[in-house]
Amino acid sequence: MSMSNRLRSLRRRGAGFTLVELLVVLAILGLLAGLVGPQVMKFLGSSKTKTAALQIEDLGATLDLYRLEIGNYPDSLEALVKDPGVANWNGPYLRKSQVPKDPWGNDYQYRAPGQHGPFDIWSLGSDGQEGGDGESADIRSWSEST
């Protein structure tokens, strides 16, 4: 084997990564994903909760406008986008032609008259069921103390 062939052979072998090097990089990436991943998911969950709280606040303001024009709160949130056949309805009161869903794709719950105020609006959280903790907790238009 000539000297130039040996040099080419050595260059080819040294051009790639060894299996050990690849395993070390994968282990480091796995550790980073394990540390950063839960924090990212926690941040995403809290942003959905904040979005639901803001939407509930906006729906409450829209319901107050509806009451000012009609004289009472509607029986359902659909009255904000579709004429319920009452006098003085000047809607739709929402920009889109439908009532928004909560960030998890569920309908907001609504009750008028409310048990905690003139109306109650709430989201059942990520699990879609009453109660829960964290991201699964209900988001309400009223505070727990009332």
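Note that this is a predicted model, so its numbers are computed, not measured.
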With rounding to the nearest 0.5 Å, note down the distance linking [atom1] in [X] to [atom2] in [Y].
X	Y	atom1	atom2	answer
L68	L63	CG	CG	11.0 Å
D127	N106	CG	CG	9.0 Å
Q109	L77	CD	CG	9.5 Å

Write out all pairs satisfying salt bridge (Lys or Arg N to Asp or Glu O under 4.0 Å) with one or both partners inside [range], taking only residues at least two apart or from two chains.
range	answer
residues 87-102	K101-D107
residues 20-29	none
residues 109-122	R111-D120

Do [X] and [Y] have side chains that get closer than 4.5 Å, going by heavy atoms?
X	Y	answer
P84	I70	no
T51	P103	yes
P74	F119	no

task = Show your working on side chain to side chain contact (heavy atoms under 4.5 Å, CB included) between I56 and S141 and close with a plain yes or no.
result = CA-CA 6 Å; I56 287 172; S141 62; 3.6 Å; yes

task = List in chain and number order the residues that pass salt bridge (charged side-chain N to carboxylate O under 4.0 Å, His left out) with D138, two or more places apart in sequence or in another chain; answer none if no residue qualifies.
result =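 So D138 forms a salt bridge (charged side-chain N to carboxylate O under 4.0 Å, His left out) with R140.
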
query = Which residues pass the salt bridge (charged side-chain N to carboxylate O under 4.0 Å, His left out) test with E78, sequence neighbours left out?
reply =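 Salt bridge (charged side-chain N to carboxylate O under 4.0 Å, His left out) check on E78 returns K82.
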
query = Does anything in residues 53-72 pair up under side chain to side chain donor-acceptor pair (under 3.5 Å), and if so which pairs, sequence neighbours excluded?
reply =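 Applying side chain to side chain donor-acceptor pair (under 3.5 Å) to every pair that reaches into residues 53-72, excluding sequence neighbours, yields Q55-Y108, D64-Y73, R67-Y73, E69-Y93.
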
message = Could you list the cluster mates of L29? Members are the ILVMFWY residues connected by side-chain heavy atoms closer than 4.5 Å, either directly or through other members.
response =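 When side chains under 4.5 Å apart are linked, the cluster holding L29 also contains V25.
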
request  = Output the rest of the hydrophobic cluster of L23: all Ile, Leu, Val, Met, Phe, Trp and Tyr residues reachable through side-chain heavy-atom contacts under 4.5 Å, sorted by chain and number.
outcome  =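 Same cluster as L23: L19.
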
message = Quick check against the 3.5 Å criterion: does W89 have a side-chain atom that pairs as donor or acceptor with the backbone of A79?
response =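 Indeed, once roles are kept as given, a pair shorter than 3.5 Å links the two residues.
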
key: ring-ring contact (aromatic ring centres under 6.0 Å, His included) partners for Y110, two or more places apart   =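 Expected list: none.
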
inquiry  = Let me check something: do V86 and V99 share a hydrophobic cluster, defined by ILVMFWY side-chain heavy atoms less than 4.5 Å apart, either directly or through other members?
reply    =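 Yes; tracing contacts between hydrophobic side chains, which count when under 4.5 Å, links both residues.
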
task = Could I get the full list of side chain to side chain contact (heavy atoms under 4.5 Å, CB included) partners for L31, not counting sequence neighbours?
result =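 Testing L31 for side chain to side chain contact (heavy atoms under 4.5 Å, CB included), a comparison that skips the adjacent residues, returns none.
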
task = Of all the heavy-atom pairs spanning L94 and P100, show the shortest one and how long it is.
result =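 In terms of heavy atoms, the two residues are closest at CD1-CD, 3.9 Å.
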
